2 protein chains.
Amino acid sequence: MIDKNSPIPIYFQLEEHLRAQIENGSLEVDEAIPSERELAETFQISRMTVRQAINNLVTEGLLYRQKGKGTFVNKKKVEQKLQGLTSFTEDMLERGMKPSSKLISFEIIPADKQVAQALNLNENTPIYEIKRVRLADQLPMALETTFLPANLVKGLTEDIINQSLYQYIEHHLGLIINEASQEIEASTPKETEMKLLEIESSAPVLFIKRVSYLQDGTPFELVKSSYRADRYKFVHTMKRSF
Amino acid sequence: MIDKNSPIPIYFQLEEHLRAQIENGSLEVDEAIPSERELAETFQISRMTVRQAINNLVTEGLLYRQKGKGTFVNKKKVEQKLQGLTSFTEDMLERGMKPSSKLISFEIIPADKQVAQALNLNENTPIYEIKRVRLADQLPMALETTFLPANLVKGLTEDIINQSLYQYIEHHLGLIINEASQEIEASTPKETEMKLLEIESSAPVLFIKRVSYLQDGTPFELVKSSYRADRYKFVHTMKRSF
DNA sequence: CAGTGGTCTAGACCACCAG
DNA sequence: TGGTGGTCTAGACCACTGA
């Protein structure tokens, strides 16, 4: 179950092990998981290592602790996973749907004023412009236009964007994605949008404009999306920080 | 600076120490804090204890780490205020507009199935139902229906809801508001809604459904709002959490 | 009382990054 | 190469819970 010689950290292996048990129901809600000492003994690892795994699951909200009593499985909020910054692909997978795309155009163009401003670039700086129809379970879900600074997100190909752009940015380019700010509106689609989304006139769309930032604050992505209102609902959680 | 004999955990004392330095500007944005070994040496504590303090600050987003380089102070966002859970009143004030309300109805009714489920109550439990037209700078902005468990949010009057419901809940009832989950959709308004919002047919609205929770997880509020799409844009920021 | 999580120590080896 | 964070160990004492 736990391989001490694996390059994968032990605490992470244990984390996955517990996560699996929670998800497949071997551990029920409000049921105590084995004690830290017990887990350490079972897997022949240090208690501190066990605690690191449990800490992460507590932070994620999957477990909660009670002093003197034990560690227990939390009731899962359905929405819980949906709150992070995710790509369309990740979003659909979390919703249990199969994402796909139809590429409409993919080119390098000079940034117009609006895009330049959003991405904090000079006008006419070369940027990638990628237009796609986004599908979920083969049905049109959204029309999406992505703008990326060509100097920052280098070596982009059709293959890459058909796989996962975020994976490429994080793993191949080694950039750290930090956060995004979004504007969400209701609007009525244009003629061309209606056709691509296969909707009747009069049906509204959810228009989302997102600018995403790296760890150092550099904006690396502007995405404008029009989601079919009958198929898509934006879900998130927010904290009262006062 | 650090008192080992204090009942306050050492890692927490260090946390507060670093937090203060970040907030008063002794440590600047993107500046490296002393290394873990250095902090351990300085305060004569174990490196693991130092890590516990730093871990917490990283989780909170105040610091970020870079392998082989060091631990750095994160920039604080201007947007930060906008992302929090706010009432309509707070929201409008942040946008620089003057909020007001027109009360349509205010009564105690038995919870129907849908409301009961959202608020985790039994059907027919008494709840407040408050319908209001929400105005910003005297113009209709949204139509809002709020549901509150009568047993939890006691002693509600028209005066209170005309002031600030959240203030009342937090300061008079002493309840701690923690978080909310929202669903945001685009839709078309019903006849009655159009009239109250003073909009033409065919104009879409932004429909927001929110359930808010107290610290202990109890849902205390269900709000359904229809915002005029031409006047309202929902803005928020989200983190890439992994 | 025995068992739990909470805190803490004083080491260790690793991979990564800079000069 | 020397310094950084990432991981891990094998102990320890504490306060708290429940029987």
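Every heavy atom of this structure was used, including side-chain atoms; hydrogens, water molecules and symmetry mates were not. So that the names make sense, note that chain A is the first sequence line, chain B the second, and so on, each numbered from 1. What you see is a predicted model; the values in this text were computed from it and never measured.
In this structure, CE of B/Met48 is placed 14 Å from P of D/dA10, rounded to the nearest angstrom. With rounding to whole Å, A/Glu36 atom CD is found 18 Å from D/dA15 atom P. For the pair A/Tyr64 OH and C/dT4 C1', the computed distance is 14 Å after rounding to whole Å. Between B/Glu38 atom CD and D/dT4 atom P the separation is 7 Å, expressed in whole Å. Atom pair B/Gln52:CD and C/dG6:C1' shows a separation of 8 Å (rounding to whole Å applied). Protein atom CG of B/Leu57 is 16 Å distant from nucleotide atom C1' of D/dG5, rounded to whole Å. The CZ atom of B/Phe72 sits 13 Å away from the C1' atom of C/dC16 (whole-angstrom rounding). Nucleotide C/dG6 holds its P atom 12 Å from the CG atom of B/Asn56, rounded to whole Å.
The nearest heavy atom of DNA chain C to A/Pro34 and to B/Pro9 marks one nucleotide each, and the one closer to the 5' end goes with A/Pro34. Sequence order on DNA chain D of the closest nucleotides to A/Gly68 and A/Ile10 puts A/Ile10 first from the 5' end. Mapping A/Arg51 and A/Gly70 onto DNA chain C by nearest heavy atom places A/Gly70 closer to the 5' end of the strand.
You'll find the side chain of B/Leu62 stays beyond 4.5 Å of the side chain of B/Val73, heavy atoms only. For the pair A/Leu135 and A/Lys98, the minimum side-chain heavy-atom distance is 4.5 Å or more.
Between D/dA10 and A/Arg47, no contact under 4.0 Å exists linking OP1 or OP2 to a side-chain N or O. In this structure, A/Tyr11 does not reach the D/dC8 phosphate: none of its side-chain N or O atoms is under 4.0 Å from OP1 or OP2. The phosphate of D/dT9 has OP1 or OP2 within less than 4.0 Å of a side-chain N or O from A/Thr49. A sub-4.0 Å separation between OP1 or OP2 of D/dT9 and a side-chain N or O of A/Lys4 is present. For A/Ser35, a side-chain nitrogen or oxygen approaches OP1 or OP2 of C/dT4 to under 4.0 Å. Note on A/Lys69: a side-chain N or O is less than 4.0 Å away from OP1 or OP2 of D/dG18. For B/Thr71, a side-chain nitrogen or oxygen approaches OP1 or OP2 of D/dG5 to under 4.0 Å.
Using a 4.0 Å heavy-atom criterion, one finds that B/Ile45 contacts the sugar-phosphate atoms exclusively. Across all strands shown, A/Ile54 has no heavy atoms under 4.0 Å from either base or sugar-phosphate atoms.
Side-chain N/O atoms of B/Arg37 and base N/O atoms of D/dG5 include a donor-acceptor pair closer than 3.5 Å.
Ring centers of B/His236 and A/Phe234: under 6.0 Å apart, within the cut-off.
Using a 4.0 Å cut-off between a side-chain N of Lys or Arg and a carboxylate O of Asp or Glu, A/Lys131 and A/Glu144 do not qualify as a salt bridge.
A distance-only check finds a donor-acceptor pair linking the side chain of B/Glu31 to the backbone of B/Glu28 [under 3.5 Å].
Within 6.0 Å of the CD atom in A/Gln117, the count of heavy atoms belonging to other residues, nucleotides or ligands does not exceed 12.
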